[in-house]
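Notes follow once the structure below has been shown.
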Amino acid sequence: MAASRDVPVNLRSARWFAPRDLFGFLHRTALRSEGLSDASISERPVVGIANSHSELVNCNLHFGALVEGVKRGVHQAGGLPLEFPTISLSEMLMKPTTMLYRNLMSMDVEEMIRSSPLDAVVLVGGCDKTVPAQLMGAASAGVPAIALTGGPMQPGNFRGRRIGAGTDIWRYTDDLRAGRMSDGEYAELEAATRPGVGHCSEMGTASTMAALTEALGMSLPGSAAVPATDARRGSLAEDTGRRAVEIAREGLRPAAILTEMALENAVTVLAAVAGSTNAVLHLLALAGRLGIDLPLERFDSIAARTPVLTNIQPAGEHLFEDLQRAGGVPALLAELAPLLHLDALTVTGRTLGENIGGAEVWDRDVLRPLDEPLLPSGGLAVLHGTLAPDGAVLKAGAASTELLQHRGPAVVFDGIDDLLARIDDPDLAVEAGSVLVLRGAGPKGAPGMPEWGMLPIPRKLLERGVTDMVRISDARMSGTGYGTVVLHVAPESAVGGPLHAVHDGDEIVLDTEARKLDLCVESEEIARRLAARPLPEPPFRRGYGSIYLDHVLQADAGADFDVLRHRAEEDGTEPYGLLEGWISGW
């Protein structure tokens with residue numbers, strides 16, 4: 001006897017498959033043509049699997065096996081898994097930057113979820129911008145969602161030393177430029193750096209976002225730091241698939257999880273791991289999608305009372321997989337419990353406090369106690385002043401202590417080409433106390449706000465033993481980067497921010513304790529310079545690039561698109577007001 005075609009009416013997919021009319025007929029035959037029977041389609045929650053696999057993204061190359069694990073879990077729980085591809089963003093290969101396309105990927109994810117007969121979705125992502133893009137898209141779509149991150153790659157090994165994929169590379173590259181490392185040794189390093197799939201192994205942006213996704217409550221407890229090639233990640237994929245079916249039946253939507261409490265928990269974890277400054281942009285954008293007020297000042301106040309607990313590169317010594325060995329993110333959250341909103345709901349259906357009950361720490365060198373931290377506070381600092389009226393960000397936990405209060409003359413570079421052409425010029429007028437300034441690298445100026453903020457130390461200073469300088473820009477920095485690097489200066493130069501007015505030799509003051517970043521030039525003179533200096537011509541005049549320039553917001557708003565932010569009239573509704581008539585029609 002044929003199975004019933006009736007789909008439970010409380011499921012979103014019922015709008016497609018339940019009607020006993022021509023349109024229901026057509027929707028069901030679309031799946032029948034894939035070889036599915038009534039038994040597969042009937043009375044089953046449909047779980048979409050958003051797969052960001054790409055052969056252009058080494059971080060995500062192993063997702064085929066993860067997706068198969070998710071499918072097994074969905075089947076085990078009585079659901080129907082349907083995989084679909086999305087844009088995938090390669091931090092290594094995409095130019096000028098993946099950040100130019102984060103919002104595009106979020107739109108891809110959002111529209112695929114909204115327009116398809118899905119009762120829940122599993123977000124499979126790993127590389128830096130894929131995870132925030134997926135979270136942003138899912139938050140806007142409003143369909144129950146759960147994330148599965150891809151895990152860190154195994155460490156490299158260079159001449160008997162375990163190395164990461166970013167932080168160590170920047171140090172060795174400085175050794176090469178200073179003549180302390182040969183070309184042959186550097187080629188040997190290249191072959192050893194990335195021994196397999198998975199995202200960067202330090203507390204870079206990918207590791208940071210994996211940890212924050214778990215802290216937000218959007219992924220299963222203990223999932224963030226399991227290595228990409230560890231068999232336990234396959235088990236997590238199954239668990240995630242099973243839970244996806246359950247949240248479909250429960251109707252547990254992202255907005256119920258991604259609350260103000262959850263975002264503050266994520267900021268606390270960001271500070272405690274001295275995580276990537278890129279996460280500031282992503283959390284700001286996510287808050288904007290949800291209509292939650294999360295000003296930059298709250299990042300600073302939370303960071304100021306949160307000690308750095310993880311001894312992981314670039315602020316410490318170990319790698320992200322070592323956090324898993326030490327107890328994982330649940331152990332970190334348990335240490336931070338007095339600073340967290342433990343009653344925040346998570347995708348498990350339980351509170352954060354319930355999820356971390358019984359978590360233990362197994363390695364105190366990797367994960368420090370709350371009362372014996374790696375640093376007492378200051379993993380992150382938000383600065384304001386005449387050079388950054390709308391804010392700037394400093395990863396203070398990875399900066400040089402002696403440079404956190406500094407005054408020095410500016411050496412200004414107009415864009416990346418100017419920087420690369422002159423930074424190693426032996427005649428460059430620069431000293432160890434100078435402040436390197438890069439402008440034209442923000443959301444509109446670059447465009448896309450590339451990771452150019454960790455300006456290289458001039459070669460002639462490297463040769464003298466200088467290892468750090470104050471560097472300021474409207475750009476971003478790799479989460480694996482380090483040094484006294486001030487980023488995300490807002491407003492950016494390309495829209496007429498004060499950075500556009502800086503001249504060589506102008507004194508700049510960085511006072512981290514006072515949270516000040518000042519250009520020591522009278523306000524009238526700054527205004528005169530800005531009026532006299534034209535803004536750059538738009539780098540795009542057609543296509544997505546033109547749309548991007550028309551709609552991208554500044555760094556203090558997460559560099560999201562204005563048209564993608566939450567609107568009050570959407571409260572309590574499905575975005576776009578998705579009605580039956582949209583489905584039962586041509």
Side-chain angles (χ1 to χ4, degrees), residues 90-100 128 165-183 186-187 189-190 193 204 277-278 408-464 466-489 492-494 497 499-500 502-506 508 533 535-540 545:
S90 169
E91 197 65 38
M92 294 293 104
L93 299 179
M94 295 187 81
K95 305 300 177 188
T97 170
T98 53
M99 190 64 178
L100 182 63
D128 290 18
T167 304
D168 288 308
I169 309 312
W170 314 141
R171 295 191 174 107
Y172 281 123
T173 299
D174 281 348
D175 286 344
L176 177 72
R177 295 176 60 237
R180 296 187 291 266
M181 188 178 197
S182 70
D183 289 338
Y186 199 67
L189 173 69
E190 178 182 331
T193 297
T277 49
N278 287 315
V411 178
V412 183
F413 299 94
D414 281 304
I416 192 67
D417 291 335
D418 183 34
L419 171 72
L420 296 177
R422 296 196 293 126
I423 193 67
D424 287 337
D425 186 341
D427 295 326
L428 182 68
V430 63
E431 297 296 337
S434 299
V435 175
L436 303 181
V437 175
L438 173 66
R439 61 188 174 204
K444 289 179 180 284
M449 207 178 179
E451 291 183 341
W452 296 341
M454 189 176 155
L455 280 64
I457 306 297
R459 178 178 292 151
K460 68 179 183 181
L461 298 184
L462 283 174
E463 291 170 346
R464 298 179 202 168
V466 176
T467 58
D468 195 11
M469 298 174 69
V470 175
R471 288 159 276 180
I472 299 172
S473 73
D474 44 15
R476 298 180 300 113
M477 177 175 75
S478 168
T480 65
Y482 58 91
T484 313
V485 182
V486 178
L487 305 152
H488 309 180
V489 170
E492 65 174 307
S493 172
L499 201 65
H500 198 59
V502 181
H503 286 180
D504 284 338
D506 287 344
I508 293 176
R533 190 165 190 263
L535 296 178
E537 289 294 315
F540 293 118

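In what follows, every heavy atom counts, from backbone to side chain, and hydrogens, waters and symmetry copies are set aside.
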Could you tell me the separation between the CG atom of Leu100 and the CE atom of Met94, rounded to the nearest 0.5 Å?
-> 8.0 Å

State, to 0.1 Å, how close Arg471 and Tyr482 come at their nearest heavy-atom pair, and which atoms those are.
-> NH2-O, 4.2 Å

Asp128 side, atom CG; Glu91 side, atom CD - distance, nearest 0.5 Å | 4.0 Å

Check ion pair Arg171-Asp174 (N to O, under 4.0 angstrom) = no

Have a look at Leu461 and tell me which of Thr467, Leu428, Asp424, Val430 forms a side-chain contact (heavy atoms from CB on, under 4.5 Å) with it.
-> Val430

Sequence neighbours left out, cut at 3.5 Å: what donor-acceptor pairs do the side chains of residues 432-446 make with other protein atoms?
residue: Ser434; atom: OG; partner: Glu431; partner atom: N; Å: 2.9
residue: Ser434; atom: OG; partner: Glu431; partner atom: O; Å: 3.2
residue: Arg439; atom: NE; partner: Asp414; partner atom: OD1; Å: 2.5
residue: Arg439; atom: NH1; partner: Leu499; partner atom: O; Å: 3.0
residue: Arg439; atom: NH1; partner: His500; partner atom: O; Å: 3.4
residue: Arg439; atom: NH1; partner: Val502; partner atom: O; Å: 2.8
residue: Arg439; atom: NH2; partner: Asp414; partner atom: OD1; Å: 3.3
residue: Lys444; atom: NZ; partner: Leu549; partner atom: O; Å: 2.3

Heavy-atom closest pair (Leu176 atom, Asp183 atom, distance to 0.1 Å) is CD1-OD1, 3.5 Å

Please report the C-alpha distance between Val486 and Ser473 in whole Å, then the side-chain angles of each, then the deciding distance to 0.1 Å, and finally whether the side-chain contact (heavy atoms from CB on, under 4.5 Å) criterion is met.
-> CA-CA 6 Å; Val486 178; Ser473 73; over 6 Å; no

Looking only at atom types and distance, does a side-chain atom of Asp468 sit under 3.5 Å from a main-chain N or O of Thr484, one as donor and one as acceptor?
-> yes

Look up atom CG in Leu420 and atom CZ in Phe413, then write down how far apart they are to the nearest 0.5 Å.
-> 9.5 Å

Assess the side chains of Trp170 and Thr480: does a donor N or O sit below 3.5 Å from an acceptor N or O?
-> yes

Identify the heavy atoms of Asp418 and Val412 that sit nearest to each other, and give their distance.
-> OD2-O, 4.1 Å

Minimum heavy-atom separation for Ala475 to Pro450, with atom names?
-> CB-O, 3.4 Å

Taking all non-hydrogen atoms of both residues, which atom of Thr277 and which atom of His488 are closest, and how far apart?
-> O-CE1, 3.3 Å

Say you draw a straight line from CZ of Arg180 to CG of Asp175; how long is it, rounded to the nearest 0.5 Å?
-> 4.5 Å

Reported CH2-to-CG distance for the pair Trp452 and Asp474, which is rounded to 0.5 angstrom = 10.0 Å

Main-chain N/O of Arg177 paired with Arg459 side-chain donor or acceptor, under 3.5 Å = yes

Looking only at non-hydrogen atoms, find the nearest pair between Pro409 and Gly505 and report the distance.
-> CB-O, 3.9 Å

Reported CD1-to-CG distance for the pair Ile169 and Leu189, which is rounded to 0.5 angstrom = 4.5 Å

Within 6.0 angstrom of Glu463 CD, more than 12 heavy atoms from elsewhere | yes

Any donor-acceptor N or O pair under 3.5 Å, side chains Thr97, Arg476 | yes

Answer whether the closest heavy-atom distance between the side chains of Met477 and Glu451 falls below 4.5 Å.
-> no

